[in-house]
> 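Got a structure for you, written out below as structure tokens; questions coming shortly.
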Amino acid sequence: MTIAIHESALIRHFNTRKETLRAWEENIGARFSPFRGFKMPDSRLYCEHPDFLDSIVDLIITNERHIFLRGPVGSGKSTLMLLALRDLPTLADRRGNKFITGYVGMTGLYEKQMSAAIADSLRIKYRRSWESSQIIDAVAQESVRRYIEEKSRTALFIEDVADNQEAAFHKLRYLADLPTEEMKDDYRTALDEPIVTLVMSGTKLYWNAMLSFLPQIADRTEPLDVPALGDSKAREFIGRRIAYAKGTIDSFDSANYDVYPFHDDAITVLNTAARGNPRDLRMLARGCQQVAAENFKRAGSPDVDPEIARLVSEAYETILKEVR
Ligand SMILES: Nc1ncnc2c1ncn2[C@@H]1O[C@H](COP(=O)(O)OP(=O)(O)OP(=O)(O)O)[C@@H](O)[C@H]1O
Ligand SMILES: [Mg+2]
């Protein structure tokens with residue numbers, strides 16, 4: 001028996017919808033939807049917050065505190081980490097130390113998985129058969145060696161840190177406290193400052209949990225709130241995505257770009273509804289594309305005006321409330 005796919009009303013519905021969206025995209029010169037989610041986001045899509053990025057990097061360089069990038073889901077914590085990771089290897093601290101960076105993006109890790117992920121991220125060798133404490137010890141020894149012999153400090157980025165098993169934290173704490181008293185005795189003046197800086201991310205809830213359950217780390221950690229997108233950054237967010245979908249992102253000029261077919265005041269409406277949260281802004285813009293595409297089919301205009309923006313913002317309000 002064959003399945004008569006061509007007879008399915010559902011598939012017909014989806015195909016019509018896809019064609020409607022496609023027609024809108026073609027009309028504005030886009031090769032795909034500007035607002036689709038990318039598994040591997042492209043850094044050319046990022047709107048930078050230069051001052052905030054500087055404050056992260058400055059904190060790492062001065063070596064006084066660890067960092068907790070704090071923000072709601074979708075606020076851009078991971079994006080900021082990637083930007084800081086990009087900049088750090090090109091910098092040095094006041095003593096002329098360079099930086100070696102590691103990034104642990106996976107969560108839900110047990111003690112041993114965490115230890116292995118850290119070693120992998122810092123390109124430190126270990127044996128699979130080792131216990132987690134042996135792996136972390138190898139990480140500690142190699143970090144000390146890199147500090148002394150290569151004049152390099154280690155910056156370790158850990159995503160959504162609270163989403164790991166509790167035991168995994170103690171490994172982090174050990175690294176956060178390096179050098180140990182014993183090492184200080186062994187190396188004397190050569191080891192008189194912390195050599196590993198942790199840059200962690202998480203929501204406010206998790207920061208509060210860390211304050212109560214891991215005060216030893218929290219006390220030495222600076223929480224930094226990820227800034228919301230202001231209206232001009234929201235405009236850039238839309239502009240970059242449209243340019244990306246048109247294939248013109250490489251000539252994107254942040255001082256002079258177009259957001260057609262979005263009206264500027266439509267973007268303001270959307271950014272207010274999104275409260276400057278980039279993930280929510282993307283969802284809302286995608287909703288606007290759908291409404292605008294229907295309009296385009298009916299009336300021939302691809303515009304996203306404030307009216308559409310309001311309509312979509314209202315429709316999404318309950319959804320956004322639920323995921324917040
Ligand atoms: N500054 C930015 N410029 C452009 N896009 C951004 C920016 N910040 C975040 N985004 C986009 O918004 C979405 C959410 O960002 P990101 O994943 O960094 O947030 P998050 O806070 O790490 O979220 P989660 O809590 O889900 O891990 C991604 O699609 C990302 O590309
Ligand atoms: Mg993230």
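Just so you know, ligand 1 is whichever comes first in the structure, and atom 1 is the first atom listed for that ligand.
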> Which residue and non-hydrogen atom of the protein lie closest to atom 5 (N) of ligand 1, and at what distance in Å?
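For atom 5 (N) of ligand 1, the nearest protein heavy atom is Phe237 CE1, 3.4 Å.
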
> At under 4.0 Å between heavy atoms, is it the side chain or the backbone of Phe38 that contacts ligand 1, or both, or neither?
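Under 4.0 Å from ligand 1, Phe38 contributes no heavy atoms.
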
> Are Trp207 and Phe68, when compared by the centres of their aromatic rings, separated by less than 6.0 Å?
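Centroid separation for Trp207 and Phe68: below 6.0 Å.
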
> Provide, to 0.1 Å, the distance between atom 18 (O) of ligand 1 and the closest protein heavy atom, together with that atom's residue and name.
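Here the closest protein heavy atom is Thr79 OG1, 2.6 Å.
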
> Aromatic rings Tyr244 and Phe32: how do their planes relate, parallel, tilted or perpendicular, breaks at 30° and 60°?
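Ring orientation, 0 to 90° scale: perpendicular.
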
> Compare Pro278, Pro72, Cys47 and give the one whose heavy atom is closest to atom 2 (C) of ligand 1.
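The residue whose heavy atom sits nearest atom 2 (C) of ligand 1 is Cys47.
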
> Under a 4.0 Å threshold between the charged nitrogen and the carboxylate oxygen, would Glu19 count as salt-bridged to Arg22?
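Not counted as a salt bridge, because no side-chain N and carboxylate O are separated by less than 4.0 Å.
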
> Looking at atom 9 (C) of ligand 1, tell me if a protein heavy atom falls under 4.0 Å from it.
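When distances to the protein are checked, atom 9 (C) of ligand 1 has a heavy atom within 4.0 Å.
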
> Look at Ser201 and state whether any of its N, O or S atoms is less than 2.8 Å from the Mg ion (ligand 2).
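Checking Ser201: none of its N, O or S atoms is under 2.8 Å.
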
> Should Arg235 and Asp264 count as an ion pair when the cut-off is N to O under 4.0 Å?
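Yes, charged N to carboxylate O under 4.0 Å.
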
> Do Glu64 and Leu59 have side chains that get closer than 4.5 Å, going by heavy atoms?
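Sidechains of Leu59 and Glu64: no contact.
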
> Checking a contact table here: which protein heavy atom is nearest atom 25 (O) of ligand 1, and how many Å away?
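In this structure, atom 25 (O) of ligand 1 has Lys77 NZ, 2.9 Å as its nearest protein heavy atom.
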
> May I ask you to test the Tyr126-Val139 pair for a side-chain heavy-atom distance under 4.5 Å?
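In short, these two side chains do not touch, never coming nearer than 4.5 Å.
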
> Does some non-hydrogen atom of Ser75 fall short of 4.0 Å from ligand 1?
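Yes, Ser75 has heavy atoms under 4.0 Å from ligand 1.
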
> Which protein non-hydrogen atom lies closest to atom 31 (O) of ligand 1, naming both residue and atom, and how far is it?
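Sorting protein heavy atoms by distance from atom 31 (O) of ligand 1 puts Tyr46 CE2, 3.9 Å first.
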
> Please work out, at 4.0 Å between heavy atoms, whether the side chain, the backbone, both, or neither of Leu80 comes within that distance of ligand 1.
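It is neither; nothing of Leu80 touches ligand 1.
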
> Please compare Gly105, Gly74, Pro227, Gly76 and report which has the shortest non-hydrogen distance to atom 23 (O) of ligand 1.
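Selected option, by shortest heavy-atom distance: Gly74.
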
> Is a salt bridge present between Arg146 and Glu142, judged by a nitrogen-to-oxygen distance below 4.0 Å?
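Answer for the salt bridge query: yes.
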
> Inspect the contact between Asp192 and Arg95 and indicate whether a charged nitrogen and a carboxylate oxygen are less than 4.0 angstrom apart.
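Looking at Arg95 and Asp192, the cut-off is met.
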
> What protein heavy atom sits nearest atom 4 (C) of ligand 1, and how far off is it?
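Of the protein heavy atoms, Leu45 O, 3.3 Å lies nearest.
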
> Considering non-hydrogen atoms of the protein only, which is the closest contact for atom 22 (O) of ligand 1, and what is the distance?
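Protein heavy atom with the smallest distance to atom 22 (O) of ligand 1: Ser78 OG, 2.7 Å.
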
> Between Arg86 and Glu48, is there a salt bridge with N-O shorter than 4.0 Å?
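Here Glu48 pairs with Arg86 in a salt bridge, since their nearest N and O are under 4.0 Å apart.
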
> Ignoring hydrogens and angles, state whether a donor on the side chain of Ser254 or Glu236 is under 3.5 Å from an acceptor on the partner side chain.
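Ser254 vs Glu236: no donor-acceptor pair found between side chains.
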
> Considering non-hydrogen atoms of the protein only, which is the closest contact for atom 29 (O) of ligand 1, and what is the distance?
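Scanning the protein heavy atoms, the shortest distance from atom 29 (O) of ligand 1 goes to Arg241 NH2, 4.1 Å.
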
> Using a 4.0 Å cut-off to any heavy atom of Arg279, which atoms of ligand 1 qualify?
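Once the distances to Arg279 are compared, the set is 12 (O).
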
